[in-house]
Amino acid sequence: MSDDVLPARRVALVDLLDRLLAGGVVLSGDVTISLAEVDLVHISLRAVISSIDALVER
Amino acid sequence: MVERLLYVYAIGAPELADEPLLAELTGVGHGPVRTLARSGVLAVVSAVDAARFAEEPLRHHLEDLHWLEATARAHHGVIDALVARHDIAPLRLATLYRDEANLLGMLEQRADQLRAVLRGIRGRVECGVKGYAVAATPEPPRHARVDTGPGTAYLLRRRAARDEAARGLAEAREQAEQLHRCVASVSCAARRYPPQDPSLAGTRDEMVLNAAYLVERASVAELGERVDRSAGPRLRLQLTGPWAPYSFTPAEAVGST
């Protein structure tokens, strides 16, 4: 999807988002967006990604 | 002067500070990666521009797919480079501290919990397994009567195709459940994610398994072989990882106060 230089092990963005938005240690940082909000963002992103994929038609 | 925030990637043991690889890593926003340690716990961090990572801009950016992808890949890049040689507990995307003092204060305050998290993942990595029901190519019904009209024949073909697809999906689900039970029973922990959107995953096949397993580093190859053996004409399996243990860090234990 992006034109960045491919790292040795290119992982699918969708697998990465599963883990980065729902996994990982949750620490109360100084800048905090609540998990529920991130989940909402995730859902709306799915729609965004789908529409981009449809446009790109790889 | 540009205001900076500290972006935190992962928690590790203090020995990680001596890792030469750190000097070669580039973090989110292309900043150099370094470590900060307190009370026997170390944090992997880099400085980021506050104008992009403060709460309001962050909320906005998270809706921007290109920003999100670049950030997620940079976050993962740091973690993935280190996990090959160290046991680290990745943090959720976009965990930010105003300055070193705040971060060190948090490490001190949560040292016991964070050390417990690190003990739980010592020597272990995460493997992902995704299963898809393979869409069957419908065969024409063998016993279609010659005297049926073209409309009837069409409906029969449609029904046969639909029944075949339903059978295939049910079979794939059952096989995926069996595999999950089997892998989960030999893993340290298992976690299931909701199925991914087919358009996101770039496949037409329906996802019947999206799981992560925490395994000893030495058992990764064995898990791969088990998955290979479990694939069949109805079930396509895809192995991902090994990952840092993203899915096996107890969020509740160290969550916000």
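Note: hydrogens, waters and symmetry copies are ignored here, and every other heavy atom, side chains too, is used. We name chains A, B, ... by the order of the sequence lines, and we start the count at 1 in each one.
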Find the distance between [atom1] ([X]) and [atom2] ([Y]) and round it off to the nearest 0.5 Å.
X: A/Leu20; Y: B/Thr71; atom1: CG; atom2: OG1; value: 10.0 Å
X: A/Asp15; Y: B/Gln196; atom1: CG; atom2: CD; value: 5.0 Å
X: B/Glu69; Y: A/Leu13; atom1: CD; atom2: CG; value: 4.5 Å

- Message: Treating A/Arg19 as the side-chain partner and B/Ala212 as the backbone partner, does any N or O pair qualify as donor plus acceptor under 3.5 Å?
- Response: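 Answer holds: no.
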- Is there a donor-acceptor pair under 3.5 Å between the side chain of B/Arg92 and the backbone N or O of A/Gly23?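 Between the backbone of A/Gly23 and the side chain of B/Arg92 there is a qualifying donor-acceptor contact (under 3.5 Å).
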- Message: Using side-chain contact (heavy atoms from CB on, under 4.5 Å), reason through A/Val11 and B/Asp80 one step at a time and then give a plain yes or no.
- Response: CA-CA 11 Å; A/Val11 302; B/Asp80 201 42; 5.9 Å; no
Which region of [X], side chain (C-beta onward) or backbone (N, CA, C, O), has a non-hydrogen atom less than 4.5 Å from a non-hydrogen atom of chain A, or is it both or neither?
X: B/Ala72; answer: both
X: B/Leu5; answer: side chain
X: B/Phe248; answer: neither

- Query: B/Thr249 and A/Val25: which non-hydrogen atoms are nearest, and at how many Å?
  - Reply: OG1-N, 3.2 Å
- Minimum heavy-atom distance A/Asp18-B/Tyr193, with the two atoms named: O-CE2, 3.5 Å
